[in-house]
Amino acid sequence: MSALNFSKISHLIVTGASRGIGRALAIEFSRKLPSGSRISIAARDSERLETVKNEILSCNSKVDVVPHALDLGNCSSKDLRALCNAQNGSSEQGIIIHNVGTTGDVSKKAKDCNDLSEWETNFRLNVFNVALLNNIFMQEFKEKRKFVYNLSAKAAFVPFESFGIYCPNKAARHMYFKVLAEEEKRDKNLTILQFYPGPVDTDMLANMETHSCSPMLRNFFKAGKAKNQISSPETTAKQFLEICEKGNFKSGDFMDYHAAKIDVKV
């Protein structure tokens, strides 16, 4: 079964949890978790994480919330293991939501992305440490039920102006999870789902609307807001949670916010 069972004591891990979609997902999922569950929230901003922790506890005081002030673009394997450490021995299942992400400098065209350190930093955050974190998660919860969720994007398979770094890293991350799902398809204790939320009203979108070198992209986001076609993080979290609960997909699928499966070559 692909459906997420919220009756089981869980260890939920959410990256990029201090704001936007990550914050909304951490809060929304926490409402459903039973007593004794643990929620590990990770982001760079320790103050914002404390705020999210308090928001979670106000929704569900029976869970344990552990903030991890962690920069996934610059961290060690020890840091990643601490985030996944299943210290709560009563956990019956592990849930990880890979939400962390950054677009990089969208003011540049692809031909102007010449700073190697910028490429390396972006790929460490969006791809390399996401894969390493997920591998550690798989090890920590080897004998337990595991749910792996990746927040993907249309940029993983469609080229957009000003996304000279973002599109490549989203494509690489997306393919990592496709390979993982293919290799582990016989593991009945593992469910992998990649989710495309569509345009969401976050700081990332605001940055693209303001700084993208593409007039087309800037106008697209402005028009979307004017027509109320941009979802809120809270709406996105509710949509995603419903998809996870219903489980109308097979492990490795890619679904959008309409609960429709997307078939792409990457």
Side-chain angles (χ1 to χ4, degrees), residues 2-4 14-17 19-26 28-29 95-104 106 122-123 125-127 130-131 134 147-182 191-209 212 214 216-217 220-221 223-225 227-266:
S2 296
L4 178 54
V14 184
T15 62
R19 64 185 74 194
I21 299 174
R23 169 189 166 275
L25 286 169
E28 197 63 34
F29 273 63
I95 308 164
I96 189 165
I97 303 177
H98 296 286
N99 167 72
V100 70
T102 180
T103 60
V106 295
N122 195 282
F123 268 74
L125 173 67
N126 287 287
V127 184
V130 169
N134 196 76
F147 294 87
V148 173
Y149 301 126
N150 176 47
L151 270 291
S152 190
K154 196 172 184 178
F157 55 93
V158 174
F160 290 96
E161 294 179 357
S162 80
F163 283 0
I165 294 180
Y166 186 58
C167 281
N169 76 54
K170 294 305 287 188
R173 176 162 156 176
H174 190 88
M175 184 55 78
Y176 161 78
F177 285 105
K178 287 199 69 172
V179 171
L180 180 66
E182 180 65 22
T191 294
I192 298 172
L193 175 65
Q194 304 209 63
F195 177 64
Y196 163 48
V200 183
D201 191 6
T202 62
D203 291 346
M204 183 183 292
L205 185 140
N207 176 60
M208 293 185 288
E209 180 187 345
S212 172
S214 169
M216 179 275 296
L217 207 59
F220 171 79
F221 291 128
K225 283 185 176 181
K227 296 176 182 178
N228 293 319
Q229 295 173 339
I230 307 295
S231 296
S232 70
E234 291 73 23
T235 297
T236 296
K238 286 181 172 63
Q239 290 171 329
F240 184 53
L241 185 144
E242 184 177 355
I243 289 171
C244 295
E245 277 194 296
K246 288 183 177 179
N248 294 330
F249 58 88
K250 68 177 186 295
S251 184
D253 276 352
F254 182 29
M255 302 187 74
D256 72 4
Y257 51 103
H258 297 300
K261 295 179 184 178
I262 304 173
D263 184 20
V264 294
K265 298 302 180 184
V266 296

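The residues of the chain are indexed from 1 along the displayed sequence. This is a predicted model, so every value here is computed, not measured.
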(Q) Once you measure the plane-to-plane angle for Tyr257 and Tyr196, does it fall in the parallel (<30°), tilted (30-60°) or perpendicular (>60°) bin? (A) perpendicular

Q | Heavy-atom neighbours of Glu161 CD exceed 12 at 6.0 Å | A | no

Q.
If the test is side-chain contact (heavy atoms from CB on, under 4.5 Å), which one of Val127, Thr102, Leu125 qualifies with Asn169?
A. Val127

Q: Verify the neighbour count for atom OH of Tyr176: are there more than 12 heavy atoms of other residues, nucleotides or ligands below 6.0 Å?
A: yes

Q: For Ser251 and Ile192, indicate whether the former's side chain and the latter's backbone hold a donor-acceptor pair under 3.5 Å.
A: yes

Q) What pairs with Glu242 under salt bridge (Lys or Arg N to Asp or Glu O under 4.0 Å), at least two apart in sequence or on another chain? A) Lys246

Q) Is the backbone N or O of Leu151 less than 3.5 Å from a side-chain atom of Asn99, with the two atoms forming a donor-acceptor pair by type? A) no

**Q.** Student check: side-chain heavy atoms of Tyr149 and Leu25 closer than 4.5 Å
**A.** no

Q: Report the C-alpha distance between Phe29 and Cys244 in whole Å, list the side-chain angles of each, state the deciding distance to 0.1 Å, and finish with yes or no for side chain to side chain contact (heavy atoms under 4.5 Å, CB included).
A: CA-CA 10 Å; Phe29 273 63; Cys244 295; 4.1 Å; yes

Q) CD1 of Ile230 to CZ of Phe221: how many Å apart, nearest 0.5 Å? A) 7.0 Å

Q.
Donor-acceptor pair, distance only, cut-off 3.5 Å: does the side chain of Ser231 make one with the backbone of Thr236?
A. no

Q.
As a quick check of understanding, evaluate side chain to side chain contact (heavy atoms under 4.5 Å, CB included) for Val106 and Tyr166, giving each step before the final call.
A. CA-CA 8 Å; Val106 295; Tyr166 186 58; 5.8 Å; no

**Q.** Lys178 NZ to Phe254 CZ distance, which is reported to the nearest 0.5 Å
**A.** 9.5 Å

Q: Might you confirm whether atom NZ of Lys225 has over 12 heavy atoms from other residues, nucleotides or ligands at distances under 6.0 Å?
A: yes

(Q) Test of understanding: with salt bridge (Lys or Arg N to Asp or Glu O under 4.0 Å), list the residues that count as partners of Asp253, not counting sequence neighbours. (A) Lys250, Lys261

Q: Report yes or no: does Gln194 contribute a side-chain atom to a donor-acceptor pair with the main-chain N or O of His174 at less than 3.5 Å?
A: yes

**Q.** Partners meeting ring-ring contact (aromatic ring centres under 6.0 Å, His included) with Phe249 (sequence neighbours left out)
**A.** none

